[in-house]
Participant: 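Structure incoming, see below.
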There are 2 protein chains.
Amino acid sequence: MATKKITSLEVAKLAGVSQSAVSRVFTPGASVSKKTNEKVRKAASKLGYRPNILARSLITGKSRIIGLVVAHLDNYFYPEALELLSNALQKKGYHVLVFMVAKTAGNIDDIVDEILDYQVDGIILASVSMSSNLASRCNAAGVPVILFNRTQDDDRLSVVTSDNFLGGKQVAQFLIAGGHKRIAYISGWEGASTQRDRESGFVDELKKQGRSLYAREVGNFIQDDARQAARKMFTNDEIPDAVFVASDDMAFAVMDVIRFELGLKIPEHVSVVGYDDVPIASWPAYDLTTVRQPANRMVAETVSIILESIQDQDTKPRRIQIDGPLIMRGSTRISNNASGENE
Amino acid sequence: MATKKITSLEVAKLAGVSQSAVSRVFTPGASVSKKTNEKVRKAASKLGYRPNILARSLITGKSRIIGLVVAHLDNYFYPEALELLSNALQKKGYHVLVFMVAKTAGNIDDIVDEILDYQVDGIILASVSMSSNLASRCNAAGVPVILFNRTQDDDRLSVVTSDNFLGGKQVAQFLIAGGHKRIAYISGWEGASTQRDRESGFVDELKKQGRSLYAREVGNFIQDDARQAARKMFTNDEIPDAVFVASDDMAFAVMDVIRFELGLKIPEHVSVVGYDDVPIASWPAYDLTTVRQPANRMVAETVSIILESIQDQDTKPRRIQIDGPLIMRGSTRISNNASGENE
DNA sequence: TAAGTATTTGCATTCGTATGCAAAAAATAT
DNA sequence: ATATTTTTTGCATACGAATGCAAATACTTA
């Protein structure tokens with residue numbers, strides 16, 4: 001009710017100085033004598049004064065707000081990334097304004113327009129892409145845009161991903177080395193660059209070794225779809241003896257179907273490999289072999305790129321690919337004389 | 001580079017009207033003729049003009065930003081809540097500014113100060129509490145504060161929780177009815193009101209039925225701690241035949257220890273109950289009996305309270321308790337002639 | 001001590017938009 | 001047609017803080 005706002009002017013009066021003096025005290029690097037600094041600080045803390053970031057940004061043109069667009073908060077990779085991102089940016093004096101979009105990802109453009117209304121200093125699109133028209137709008141507005149875990153061919157955008165192609169390739173090599181004969185794939189949403197890269201890395205390597213996909217279904221990065229895909233894939237006569245699932249999140253659903261609906265054993269009857277290495281993957285109930293996406297390193301790169309772009313408007317967009325190791329766990333067999341094999 | 005900003009003044013010029021006219025066109029409910037409305041809209045879209053929210057909020061005192069403080073993004077209940085919250089607020093034209101805090105939750109006060117700097121219209125504290133001193137600061141600043149999934153005795157704060165006491169009670173009744181004799185509890189962080197309420201509801205009901213806790217360990221809402229607790233609890237001579245774990249997240253860790261480290265069967269040797277009903281609880285690998293915290297209803301209440309408080313400064317803080325059902329699944333046995341029982 | 005240099009300070013203006021007020025225009029009544 | 005009411009419009013100012021500039025003060029140096 002008693003909505004009192006303390007402004008720099010009131011602090012100035014109490015401290016017996018000008019408003020500019022107060023402003024300078026709270027502006028790092030400004031010229032203030034030790035004495036006024038003390039007077040002002042004392043007055044400020046007495047009144048409980050804190051500079052109004054919004055008013056400040058009107059002048060400086062910097063809001064210290066980063067817009068973040070996220071779609072898949074149900075895939076644990078993203079909450080983790082969000083936490084890391086927010087923490088890292090917080091340390092640098094920035095904060096994250098969140099925008100959720102539907103998974104099926106309609107008009108990101110409208111959302112980004114909303115983001116721009118807040119005069120954000122930068123935009124991070126997690127697993128989402130934007131129209132090239134909008135990209136140039138952001139560019140014109142001097143707002144750097146970073147794609148996180150998604151690629152797009154636009155040289156005004158920075159991109160941070162893991163090396164999805166290499167990841168897929170590693171999985172193929174590993175499964176072949178493990179003696180698997182009927183190797184299958186459950187894809188993510190086919191509009192996603194990450195999905196495409198993982199698959200082509202995987203399939204390319206199979207081909208290179210004279211193999212081809214034994215089966216393929218679409219999971220769309222959605223658990224329900226992945227379950228459906230698994231049911232279809234594993235109810236034929238001769239089921240695959242290995243399946244690479246495009247995300248851990250889907251892989252868990254697939255494993256549950258394989259074990260609890262179909263009564264098959266992992267890895268005896270079928271090996272399962274995921275992608276992401278979210279924490280759950282290491283839980284003994286799943287113990288999932290998977291390709292690690294190093295969220296911490298990806299976030300670190302993202303933050304450093306965005307801060308750099310903010311500081312120096314003329315920084316060129318960068319494209320970073322971080323490679324993650326294949327983490328071998330118990331959901332895959334490694335020799336070819338496994339009990340489930342009978343040829 | 002070409003950081004051009006289109007302001008209302010430029011639109012005004014192009015449309016041949018005053019700046020005020022432009023402002024009115026973009027202010028719902030302001031007085032504008034049909035003709036000027038058209039002229040302005042055309043000019044605006046031609047230039048790609050959009051009002052600067054920050055400048056606007058300097059005048060109106062409303063930023064359309066809600067500050068959200070979160071601690072436990074690793075417990076899936078919170079990402080889920082965040083997603084729901086952000087979506088609901090987005091629909092109402094608000095957006096969420098995220099602030100992460102350490103789990104051990106030191107000075108929330110400093111964080112809230114930072115939040116206030118952004119002139120947020122409201123603050124949501126998820127599973128976190130604030131000093132009463134700061135509560136009055138927010139109150140004085142006219143910023144409503146809502147505790148989400150945490151209680152605190154301060155009548156300037158609104159509170160939305162599930163009925164944790166009732167939840168604990170239900171679990172006790174259910175376990176007793178299931179014929180369990182040695183009932184144990186693994187607690188959350190003891191500083192949390194949710195933890196305290198769950199435990200007292202549980203223990204009270206045990207007492208009421210002439211029972212008492214057979215064993216108790218502290219898990220702090222942290223998986224590692226919960227694992228430790230489980231190891232301790234289940235390596236004595238006579239282990240509990242049922243354990244209530246204060247959160248699903250911890251319960252999964254406990255189940256993994258019980259099954260994969262100690263080689264015991266759930267529910268044959270021991271029944272496990274969790275709290276939250278996060279999606280993973282329903283995955284067949286865990287199939288966890290648990291008390292549902294209805295995130296959607298909790299969020300809906302939170303949003304409606306916060307919007308109301310923003311609209312009418314004199315709204316009194318509210319305290320909402322939403323009760324959730326016990327969801328019975330396969331991690332608990334229900335009759336007392338189970339195979340693991342031998343007395 | 002005086003002259004010169006470096007530092008600190010206040011004044012006035014600016015950022016982009018909203019809004020009270022009074023003038024202008026349009027609509028209605030007489 | 002004129003008088004009266006209603007609606008629309010522009011002017012001017014305000015929001016809270018940052019900053020270029022010139023004046024004032026403090027500090028060096030000879």
Side-chain angles (χ1 to χ4, degrees), chain A residues 3-41 43-44 47-65 93 116-121 141-143, chain B residues 3-41 43-44 47-65 93 116-121 141-143:
Chain A
T3 310
K4 52 171 180 183
K5 296 241 178 192
I6 292 99
T7 74
S8 58
L9 198 65
E10 311 183 42
V11 177
K13 271 184 202 149
L14 179 61
V17 296
S18 73
Q19 179 269 325
S20 344
V22 177
S23 170
R24 282 191 250 265
V25 168
F26 289 94
T27 305
S31 160
V32 229
S33 73
K34 204 166 181 179
K35 208 166 48 183
T36 34
N37 184 50
E38 273 174 23
K39 280 193 295 185
V40 169
R41 290 217 118 86
L47 295 177
Y49 168 78
R50 310 203 98 224
N52 179 330
I53 294 199
L54 269 34
R56 169 181 288 172
S57 54
L58 197 53
I59 294 269
T60 62
K62 263 70 188 79
S63 62
R64 306 202 78 86
I65 297 178
L116 289 172
D117 293 349
Y118 282 94
Q119 312 300 115
V120 297
D121 292 346
V143 179
Chain B
T3 310
K4 51 171 179 182
K5 297 243 180 190
I6 292 96
T7 73
S8 58
L9 197 65
E10 311 182 43
V11 177
K13 271 184 201 152
L14 180 61
V17 297
S18 73
Q19 179 268 326
S20 343
V22 178
S23 169
R24 288 194 175 89
V25 168
F26 289 94
T27 305
S31 159
V32 228
S33 72
K34 206 165 180 181
K35 209 165 49 181
T36 34
N37 185 49
E38 273 173 23
K39 282 194 293 183
V40 169
R41 290 217 118 87
L47 295 177
Y49 168 79
R50 310 201 100 223
N52 179 330
I53 294 198
L54 268 36
R56 169 179 289 173
S57 53
L58 197 52
I59 296 267
T60 61
K62 265 57 187 100
S63 62
R64 306 202 78 85
I65 297 177
L116 289 172
D117 293 350
Y118 282 94
Q119 313 299 118
V120 297
D121 292 345
V143 179

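These numbers come from the heavy atoms of this one structure, side chains and all, not from hydrogens, waters or symmetry mates. Numbered from 1 within each chain, the chains take letters A, B, ... in sequence-line order. Quantities reported herein were computed from a predicted structural model and do not represent experimental measurements.
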Participant: For the side chain of A/Ser33, counting heavy atoms from C-beta on, which of C/dT9, D/dA17, C/dA18 is nearest?
Facilitator: C/dT9
Participant: Distance criterion of 3.5 Å, no angle test: do you see the side chain of A/Arg56 paired donor-to-acceptor with the base of C/dG16?
Facilitator: no
Participant: At under 4.0 Å between heavy atoms, what does B/Val32 touch on the DNA or RNA strands: base, sugar-phosphate, or nothing?
Facilitator: sugar-phosphate
Participant: D/dT9 phosphate, OP1 or OP2: any side-chain N/O from B/Ser18 under 4.0 angstrom?
Facilitator: no
Participant: Please classify the nucleic acid contact of B/Ser57 as base, sugar-phosphate, or nothing, using heavy-atom distances under 4.0 Å.
Facilitator: nothing
Participant: Can you see if the side chain of A/Ser8 gets near the phosphate of D/dA18 - specifically, an N or O under 4.0 Å from OP1 or OP2?
Facilitator: no
Participant: Just to be sure I understand the rule, does B/Ser23 reach a base, reach only the sugar-phosphate, or reach nothing, if contact means heavy atoms closer than 4.0 Å?
Facilitator: base
Participant: Taking only the side-chain heavy atoms of B/Leu58 (C-beta and beyond), determine which of C/dT17, D/dT19, C/dG16 contains the nearest atom.
Facilitator: C/dG16
Participant: What's the CG-P distance between A/Asn37 and D/dA26, to the nearest Å?
Facilitator: 17 Å
Participant: I need the A/Leu116 CG to B/Asn52 CG distance, nearest 0.5 Å.
Facilitator: 11.0 Å
Participant: Where the side chain of B/Val17 is defined as all heavy atoms beyond and including C-beta, which of C/dG16, D/dG10, C/dT9 is the nearest nucleotide?
Facilitator: D/dG10
Participant: Have a look at A/Ser31 and say if it touches a base, only the backbone sugar-phosphate, or nothing, with a 4.0 Å heavy-atom cut-off.
Facilitator: base
Participant: C/dG16, D/dA12, D/dG16: which one has an atom nearest the side-chain heavy atoms of B/Asn52?
Facilitator: C/dG16
Participant: Could you work out which one of D/dA14, C/dT8, D/dG16 sits closest to the side chain of B/Ile59?
Facilitator: D/dA14
Participant: Using the side-chain heavy atoms of B/Lys5, tell me which of these nucleotides is nearest: C/dC11, C/dT17, C/dG16.
Facilitator: C/dG16
Participant: So, does A/Thr7 get its side chain near the phosphate of D/dC15, meaning an N or O under 4.0 Å from OP1 or OP2?
Facilitator: no
Participant: Ignoring hydrogens and angles, are the base of C/dC11 and the side chain of A/Ser20 linked by a donor-acceptor pair under 3.5 Å?
Facilitator: yes
Participant: In terms of side-chain heavy atoms of A/Ala55, which of D/dA17, C/dT17, C/dT8 is nearest?
Facilitator: D/dA17
Participant: Considering only heavy atoms and no angle criterion, is a donor-acceptor pair shorter than 3.5 Å present between the side chain of B/Thr60 and the base of D/dC15?
Facilitator: no
Participant: Look up atom OG1 in B/Thr60 and atom CG in B/Asp121, then write down how far apart they are to the nearest 0.5 Å.
Facilitator: 8.0 Å
Participant: If only side-chain N and O atoms of A/Tyr118 are considered, is one of them under 4.0 Å from the OP1 or OP2 phosphate oxygen of C/dG16?
Facilitator: no
Participant: Does A/Tyr49 have A/Arg41 sitting over its ring (NZ/CZ under 6.0 Å from centre, angle to axis within 45°)?
Facilitator: no
Participant: Heavy atoms only: give me the nearest B/Leu9-B/Gln19 pair and the separation to one decimal.
Facilitator: CD1-CB, 3.8 Å
Participant: Kindly point out which of C/dT8, D/dA18, C/dG10 is positioned nearest to the side chain of A/Arg24?
Facilitator: C/dG10
Participant: Is the distance from OP1 or OP2 of D/dA17 to the nearest side-chain N or O of A/Tyr49 less than 4.0 Å?
Facilitator: yes
Participant: Working to the nearest 0.5 angstrom, can you tell me the gap between B/Ser8 OG and B/Lys13 NZ?
Facilitator: 10.5 Å
